[in-house]
Amino acid sequence: MTYRTLPYNQSLALLTDFYQITMAYGYWKERVHDKEAVFNLYFRKNPFNGGYTIAAGLAQVLDALENFRFDPSDLAYLGGLTDSHGAPMFEQGFLDYLGEMKFSCDICAVPEGTVVFPNEPLLRVKGPLIQAQLLETLLLNLINFQTLIATKAARVCSAAQGQPVMEFGLRRAQGVDGGLSASRAAYIGGCESTSDVLAGKLFGIPVRGTHAHSWVMSFPTEVEAFKAYADALPDNAILLVDTYNTLQGVRHAVEVGHWLRERGHELTGVRLDSGDLAYLSIEARKILDAGGFENARIFASGDLNEYLIVSLKLQGARIDVWGVGTQLATAYDQPALGGVYKLTAIRDAGGPWQYKIKVSDNVAKSTTPGILQVRRYLTAQGFQEDMIFDEQMGVPDEPVIVDPVDMTRRKRISAGTLYEDLLVPVFEGGRRVYECPAIAEIRDRAQQQLAMLHPTIKRFENPHLYPAGLERKLFEFRTEEILKARGLPA
């Protein structure tokens, strides 16, 4: 079954920055709109000062592009915009062109759940200049956020060391779509469930939950509240114990657990949401075990993140399941990935490619020209290195990869080393040719990919730098183009 979210199954042509429309108009006016162009979407730095990133958001991209068009209401809106003199901003001929325009780009993308690294294209667009330009904002919006959240979730799940993590962030997420996208991406990154019921329906993610303090406060006593909840959901009796006195709440949960057991059911567990979680979980475990509920699990929540989870584990906390909300769904410590979308080649129809480069005083921000692909080399021990190369330049038998920022960091790859190319076709001539796997398969892919990384790359503090760079010929060409742009000798 395919799960889709609104509004991705309707036209999102106007989900863009205004300057994309004005540039499109300029291309049309200058009659260069049908030139063929190549754009690459990538990021420059792993988020959270980490050693890796998890690609996500492609499914929404594909849904959006299948429906990419300017409908009559879009054209009417654009037709009503005026310039500083009150005249129409756009000629009617341009609006007619947009109304008749059929999406026709070739797009290659990295499958969701893939581990990726800085400067590697997550997505490559080839097609009419005007169309490729109009896609920029939409693609960045859909890819940046989910990639960020999937990466955060992977870090949180890594900290939990195999214990289940529930995503609890909807109430503090950045709006409706922020919540839905975060739930989806968090599941891809490794969370086992979400509290977001709509995300469960739309994406097929398992939903989990307990009850709030208001439930306990609405009854005369805590025991009555627990008993009523257990009576309503006897096989999902996870009781929130910190409304009044946490350890007394655990004792009350044990009391209700015996009441449940007499009726043929078992206490699922208790949830701690505040206080000293290390101390309280240790003491709660003692009370549960003494009461005969060794299998009852202890759930914990309350502004958790990967660093707090690691700390709690080092303190010997007896927590079995982690509920992570605000810090995960909002990527609290880094609110944006910083992905960019850059023109790297252009040509007249049927003519030779002209490679393009944007130069910056900060070499890390200078772009890489070409029709780029990413090749990942691997052995039985895992992923070894990634090479960004230009499809037209090709790859020698024993390529050398060079760090685009530090030319002294380079590595030769032995002939015959196994590899896979990461960018795969998803649209050809505007026609979708790729069907996204089920979200559980994407989640499994992310776990398999992470398992292929050396543990030092996954640590939170000062992670080892995974070798990812430019093929040497491409690096040398890029360097020459930078020098040329600056008017310096090669």
With E385 as partner, the option from R410, R375, K411 fulfilling salt bridge (charged side-chain N to carboxylate O under 4.0 Å, His left out) is K411
Treating D74 as the side-chain partner and D71 as the backbone partner, does any N or O pair qualify as donor plus acceptor under 3.5 Å? yes
Using modelled atom types only, decide if a donor and an acceptor are shared between the side chain of E391 and the backbone of F389 within a distance under 3.5 Å.
no
Next item on the list: Verify the distance criterion only: is there a donor paired with an acceptor across the side chains of Q449 and T114 at less than 3.5 Å?
Entry: no
_Any non-hydrogen side-chain atom of Y42 less than 4.5 Å from a side-chain atom of L372?_
no
| said: Is any side-chain heavy atom of T326 closer than 4.5 Å to one of F168? | reply: no
Practice prompt. Could you check if a side-chain atom of V256 sits within less than 4.5 angstrom of a side-chain atom of L267, using non-hydrogen atoms only?
Written response: no
Got V38 and V125 here, is their nearest side-chain heavy-atom distance under 4.5 Å?
no
Residues 266-283 vs salt bridge (Lys or Arg N to Asp or Glu O under 4.0 Å), sequence neighbours excluded, gives R261-E266, R271-D273, E283-K286
Heavy atoms of E167 and C191 approach each other most closely as CB-SG, 4.3 Å
Residues pairing under salt bridge (Lys or Arg N to Asp or Glu O under 4.0 Å) where one sits in residues 308-337, two or more places apart or in two chains, turn out to be K152-D333, R285-D320
So NE2 of H252 and CG of L239: to nearest 0.5 Å the spacing works out to 12.0 Å
| field | Expected output: side-chain T367 to main-chain K358 donor-acceptor under 3.5 Å | value | yes
Q | Aromatic contact, Y187 with F203 (centres under 6.0 Å) | A | no
Between H454 and Y466, is there a side-chain heavy-atom distance shorter than 4.5 Å? no
Just by distance, do the side chain of S360 and the backbone of V363 share a donor-acceptor pair under 3.5 Å?
no
Determine whether a donor-acceptor pair (N or O, by modelled atom type, separation under 3.5 Å) exists between the side chain of T151 and the backbone of T147. yes
In this structure, CZ of F299 is separated from CG of L240 (nearest 0.5 Å) by 12.0 Å
What one should report as the nearest heavy-atom pair of Q146 and A185 is O-CB, 3.3 Å
Item checked: Side-chain donor-acceptor pair present, S274, D242, cut-off under 3.5 Å -> yes
Side chains of Y307 and R155: do they bring a donor and an acceptor to under 3.5 Å? yes
Interatomic distance, OG@S281 vs CD1@I298, rounded to 0.5 Å, equals 6.0 Å
| query | Does R431 pair with D106 as a salt bridge, N-O distance under 4.0 Å? | reply | no
Practice task
In sequence, state the C-alpha distance, the side-chain angles, and the governing distance for D231 and W259, and then conclude on side chain to side chain contact (heavy atoms under 4.5 Å, CB included).
Solution key: CA-CA 10 Å; D231 184 52; W259 178 85; 3.9 Å; yes
query = Is a salt bridge present between R184 and E112, judged by a nitrogen-to-oxygen distance below 4.0 Å?
reply = yes
query = For the side chain of Q248 and the backbone of N245, is there at least one donor-acceptor N/O pair under 3.5 Å apart?
reply = no
Check whether NZ of the Lys or CZ of the Arg R376 lies under 6.0 Å from the centre of the six-membered ring of Y419 and within 45 degrees of that ring's axis. no
Point to revise | N/O donor-acceptor pair under 3.5 Å between E120 side chain and V374 backbone | key: no
